2 protein chains.
Amino acid sequence: MAITETVDRILDAAEILFAEKGFSETSLRSITGKAKVNLAAVNYHFGSKNALIQAVFNRFLSPLNDLMVIGLKANRWGEKDGNIPTIEDVLGLYTRSLLKIPTRHHNGVSIFMRLLGLAYTQSQGHLRKYLEDEYAQTFWPFLSLIKQITPELSTKERFWRTQFVLGSMAFTMSSIQQLTDILENKAGSTPNPEEVVDYLVPFLAAGLNAPSVKKVNVSSD
Amino acid sequence: MAITETVDRILDAAEILFAEKGFSETSLRSITGKAKVNLAAVNYHFGSKNALIQAVFNRFLSPLNDLMVIGLKANRWGEKDGNIPTIEDVLGLYTRSLLKIPTRHHNGVSIFMRLLGLAYTQSQGHLRKYLEDEYAQTFWPFLSLIKQITPELSTKERFWRTQFVLGSMAFTMSSIQQLTDILENKAGSTPNPEEVVDYLVPFLAAGLNAPSVKKVNVSSD
DNA sequence: GTATGTTTAAAACAAACGTTTGGAATAATT
DNA sequence: AATTATTCCAAACGTTTGTTTTAAACATAC
């Protein structure tokens, strides 16, 4: 066996640097430098830089997947009839699962959320394919619940509203540090991800619960 | 004078490639190759790659700024008392201003939104500083209206809800192409940005109008 | 012990990057 | 037409990138 410490050191350094600078902007030399390991160690253990990026995600996604499964079973939703959760319940379950992911740093969750946001926008091809395979199964029960709760929405509108939710979450979390910096110039507090989530959930819930669009007509002149 | 066509060709190619791949992932050689101009032309006309990135943004932000000013004056909001717009009005004004930006391609708006999303997340330092200076003035009246409409919200909560709105918009538009690809596997239609905006506005309006958070308590066990 | 897998060190690799240069070509001005 | 200013182009510059290689040291297991 011999669980190598080098692998963890590389992953620890990589996830921080990736979150700070992005994937392309982070060199293997800066990672191995921060991790205090040899440059060749990355290619030895992971094979390539792209494989390292995926490994960083995998360390978050695996426990998240487990937490979602556990959370769904703990509550008696899903199969039972008449026991329909509210949207707040579903969003709360998901965000709380996110916050429960065990991490090495106290900023672990925001790092993961930022990485997710980066992955969505930078969209490196290989990462997108990997996430579609790996993340989709984690997301499937979430989408299923949303569908169960909003039966009056058309498939199309539900799809887009779900994307709006994901967009708000990923975007906010991915830039939470920069946004916090801006806010500190006005107020004096330093919000943590948990606090932001408390603001985020009712916002998204109201959006999901909004009445359906029939015919939009916003012509002004 | 002599308005050089080369400058426009470079900008046209650059905005497409930046939107597709990101800033760091797009090389000057691929830009000049697509634009069919010499490699040195970028540094000759713009000075540096970073300056080119800012020039790409400037071509969108200048007309957007004008459109927002015009739109605000056309409607009699803002200064007048008793003539308070709804949130839907404000969001509609903003999104319609976005859609009115004159572009060279039919996908112009989604390209711009994607660039905005990239700028937010990739956060290149120089870009952030540039956008804070240039974009802030465009945004200020928008924020002012939001404040006017939601007087019951605390400054902090209003700030975050505004960020959620921006996040949803930027994120959705920035990945609208990829999302459309996914949707086409289910439905058979090809949504355009205008249609997505029609779904987006009521969603965001409901979120902004959601009752304020007092004390969040979602403990389950 | 020998063998196997891990780590480090140092160096080199080809490829790609942004940027610079000097002269040719073109346009504008006198 | 002659002169000046601007634009363009091919080539090269110096870095940095991810990756590979070779060698030696280290650990663990059989």
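Remember, it's a predicted structure, so these values are computed and weren't measured experimentally. Computation of the quantities below employed the complete heavy-atom set of this structure, encompassing side-chain atoms and omitting hydrogens, waters and symmetry-equivalent molecules. So that the names make sense, note that chain A is the first sequence line, chain B the second, and so on, each numbered from 1.
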**Report entry** Lys/Arg N to Asp/Glu carboxylate O, B:D66 vs B:K100, below 4.0 Å
**Finding:**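 Judged by the 4.0 Å cut-off on N to carboxylate O distance, B:D66 and B:K100 do not form a salt bridge.
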Query - A:Y130 side chain to A:N58 side chain, donor-acceptor N/O pair below 3.5 angstrom - result: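 Looking only at side-chain atoms, A:N58 and A:Y130 do form a donor-acceptor pair, the distance falling under 3.5 Å.
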How close or far is atom [atom2] of [N] from atom [atom1] of [X], stated in whole angstroms?
X	N	atom1	atom2	answer
A:I10	C:dT6	CD1	P	13 Å
A:N43	D:dT19	CG	C1'	5 Å
A:K49	C:dA15	NZ	C1'	15 Å
A:F46	C:dT7	CZ	P	10 Å

Query raised in the report: How many angstroms lie between atom CD1 of A:I111 and atom CD of A:E20, to the nearest 0.5 angstrom?
Result: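 Reported value, rounded in 0.5 Å steps: 8.0 Å.
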**Report entry** Pairwise distance CG(B:L72) to CG(B:L93) - rounded to 0.5 angstrom
**Finding:**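 Between B:L72 CG and B:L93 CG, I get 5.5 Å after rounding to 0.5 Å.
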Query raised in the report: Partners of A:L153 by side chain to side chain contact (heavy atoms under 4.5 Å, CB included), sequence neighbours excluded?
Result: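 Counting only residues at least two positions away or on another chain, A:L153 forms a side chain to side chain contact (heavy atoms under 4.5 Å, CB included) with A:T150, A:E157, A:R158, A:R161, A:S212.
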Are OP1 or OP2 of [N] and a side-chain N or O of [X] less than 4.0 angstrom apart?
X	N	result
B:H45	D:dC8	yes
A:T6	C:dT6	no
A:Y44	C:dT6	yes
A:S27	D:dT16	no

**Report entry** Members of residues 30-37 of chain A that approach DNA chain C, where some heavy atom sits under 4.0 Å away
**Finding:**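 Going residue by residue through residues 30-37 of chain A, the ones with a heavy atom under 4.0 Å of DNA chain C turn out to be A:K36, A:V37.
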Polar atom pairs between nucleotides 10-15 of chain D and protein, under 3.5 Å, N or O only, would you list them?
from, atom 1, to, atom 2, distance (Å)
D:dA10, N7, B:N38, ND2, 3.4

**Report entry** Residue pair A:K49 / A:S24: nearest heavy atoms and the distance that separates them
**Finding:**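 The pair with the smallest heavy-atom distance is NZ-O, 4.0 Å.
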Query - Derivation and outcome, side-chain contact (heavy atoms from CB on, under 4.5 Å), residues A:T32 and A:N38 - result: CA-CA 6 Å; A:T32 55; A:N38 189 267; over 6 Å; no
Query raised in the report: Taking a pair as Watson-Crick (N1 to N3 plus N6-O4 or O6-N4) or G-U wobble (N1-O2 and O6-N3), both under 3.5 Å, which stems of 3 or more consecutive pairs involve DNA chain D?
Result: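 Detected stem regions: C:1-5 with D:26-30, C:9-12 with D:19-22, C:14-30 with D:1-17.
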Requested in this report: Before giving the answer on side-chain contact (heavy atoms from CB on, under 4.5 Å), spell out for A:L52 and A:L11 the whole-Å C-alpha distance, their side-chain angles and the decisive distance to 0.1 Å.
Outcome: CA-CA 8 Å; A:L52 169 63; A:L11 288 173; 3.9 Å; yes
Query - From CA spacing to verdict: side-chain contact (heavy atoms from CB on, under 4.5 Å), A:T95, A:M169 - result: CA-CA 9 Å; A:T95 53; A:M169 290 179 58; 4.1 Å; yes
Query raised in the report: Under the ring pair (Phe, Tyr, Trp, His ring centres under 6.0 Å) test, which residues partner B:Y94, sequence neighbours left out?
Result: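 B:Y94: ring pair (Phe, Tyr, Trp, His ring centres under 6.0 Å) contacts with B:F139, B:F142.
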Query - Partner residues of B:F60 under the ring pair (Phe, Tyr, Trp, His ring centres under 6.0 Å) criterion, sequence neighbours left out - result: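 With neighbours one apart ignored, the set is B:F112.
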